[in-house]
Amino acid sequence: MEDMSPSPYVIRGSVSLPEAELTWRFTRSSGPGGQHVNTSDTQVELRFDLAATEALPAVWKERALERLAGTGRLLSGGVVVVRASEHRSQWRNREAAATRMASLLAEATAPPPRPRRKKKEPRGAKERRLRQKKQRGDLKRGRSGRDWA
């Protein structure tokens, strides 16, 4: 049988998905496949216990649990689930699921964006805006046929 240990899936920096903490489940996939589809378990379900892992820093773990809470990806107990069934080969679905899990965790553990700092609108921009607004109003006022008699 082929070597099924994929390269480490990097979440960010030196942090990657620990292979020992991943739980794989294989089921029959729906969709095309012909005679082959009824005999092979190609759909992959990958589970990662986010709440119990020691591979992620505590801050990342809290952030990820908070962000994934309402998405439907997080089961009770803090387990993240990803499914892949788009390929006809189990091995390719394993690759897809692991890559998807790594990108999901990378997105969920990303630091929040910097708060926007309000800046004063430049005077030139303000004057241009007001001038265009005035021109537009004049144009619309000119459309009414009041002065035509």
Side-chain angles (χ1 to χ4, degrees), residues 4-34 37 42-149:
M4 290 219 156
S5 57
S7 60
Y9 293 96
V10 177
I11 295 172
R12 193 175 325 106
S14 61
V15 181
S16 60
L17 276 175
E19 187 68 35
E21 294 184 24
L22 299 177
T23 309
W24 300 90
R25 211 173 114 215
F26 307 102
T27 53
R28 294 205 176 120
S29 183
S30 62
V37 78
T42 55
Q43 178 173 296
V44 174
E45 183 180 279
L46 176 59
R47 291 172 180 247
F48 178 66
D49 194 348
L50 184 58
T53 188
E54 295 298 320
L56 297 177
V59 179
W60 287 19
K61 203 164 28 169
E62 286 174 28
R63 196 181 296 152
L65 285 168
E66 189 178 299
R67 286 185 183 165
L68 293 173
T71 62
R73 295 237 188 242
L74 195 65
L75 300 178
S76 61
V79 177
V80 184
V81 179
V82 171
R83 285 187 188 84
S85 62
E86 60 268 13
H87 302 291
R88 285 176 59 179
S89 121
Q90 184 187 97
W91 196 83
R92 286 178 69 191
N93 281 332
R94 279 178 65 115
E95 292 285 309
T99 305
R100 204 172 295 156
M101 177 71 78
S103 65
L104 177 75
L105 289 173
E107 200 174 299
T109 59
R114 282 186 174 163
R116 184 179 178 275
R117 290 189 6 222
K118 289 184 182 177
K119 293 183 178 174
K120 189 178 173 196
E121 184 182 15
R123 192 169 64 202
K126 187 174 181 180
E127 288 172 359
R128 272 192 304 277
R129 181 177 57 82
L130 291 174
R131 191 169 48 248
Q132 286 173 349
K133 190 174 168 141
K134 181 91 173 116
Q135 285 173 350
R136 191 80 182 145
D138 291 343
L139 177 74
K140 288 184 173 190
R141 203 173 304 108
R143 288 182 189 153
S144 67
R146 286 182 293 178
D147 301 337
W148 286 14

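Computed from a predicted structure; not experimentally measured.
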Shortest non-hydrogen separation from [X] to [Y] and the atoms involved:
X: Ser144; Y: Arg141; result: OG-O, 3.0 Å
X: Ala51; Y: Gly77; result: CB-O, 3.6 Å
X: Val82; Y: Ala97; result: CG1-O, 3.8 Å
X: Arg92; Y: Ser89; result: N-OG, 3.0 Å

Hey, could you give me the [atom1]/[atom2] distance between [X] and [Y], rounded to the nearest 0.5 Å?
X: Leu50; Y: Leu75; atom1: CG; atom2: CG; answer: 11.5 Å
X: Gln90; Y: Thr27; atom1: CD; atom2: OG1; answer: 9.5 Å
X: Lys120; Y: Lys126; atom1: NZ; atom2: NZ; answer: 7.5 Å
X: Leu104; Y: Thr99; atom1: CG; atom2: OG1; answer: 12.0 Å

Is any side-chain heavy atom of Gln43 less than 4.5 Å from a side-chain heavy atom of Asn93?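 No, every pair of side-chain atoms sits at 4.5 Å or beyond.
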Check the pair Arg131, Lys134 against side-chain contact (heavy atoms from CB on, under 4.5 Å), reporting the backbone distance first and the verdict last. CA-CA 5 Å; Arg131 191 169 48 248; Lys134 181 91 173 116; 5.7 Å; no
Under the side-chain contact (heavy atoms from CB on, under 4.5 Å) criterion, do Lys133 and Gln135 qualify, and how do the steps go? CA-CA 5 Å; Lys133 190 174 168 141; Gln135 285 173 350; over 6 Å; no
Test Arg100 against every option in Glu95, Glu86, Glu107 by the salt bridge (charged side-chain N to carboxylate O under 4.0 Å, His left out) rule and name the one that passes.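 In the set Glu95, Glu86, Glu107, the residue that makes a salt bridge (charged side-chain N to carboxylate O under 4.0 Å, His left out) with Arg100 is Glu86.
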Test Leu46 against Trp24 for side-chain contact (heavy atoms from CB on, under 4.5 Å), laying out the working first. CA-CA 5 Å; Leu46 176 59; Trp24 300 90; 3.8 Å; yes
Neighbour count above 12 (heavy atom, 6.0 Å) for Arg129 CZ: yes
Are there more than 12 heavy atoms of other residues, nucleotides or ligands under 6.0 Å from atom CZ of Arg83?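 Not buried by this count: 12 neighbours or fewer within 6.0 Å.
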Go through the steps to decide whether Thr23 and Phe48 satisfy the test side-chain contact (heavy atoms from CB on, under 4.5 Å), and finish with yes or no. CA-CA 6 Å; Thr23 309; Phe48 178 66; over 6 Å; no
Tell me, which pairs form a salt bridge (charged side-chain N to carboxylate O under 4.0 Å, His left out) where one or both residues lie in residues 47-67, sequence neighbours left out?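 Listed once each, the pairs are Glu45-Arg47.
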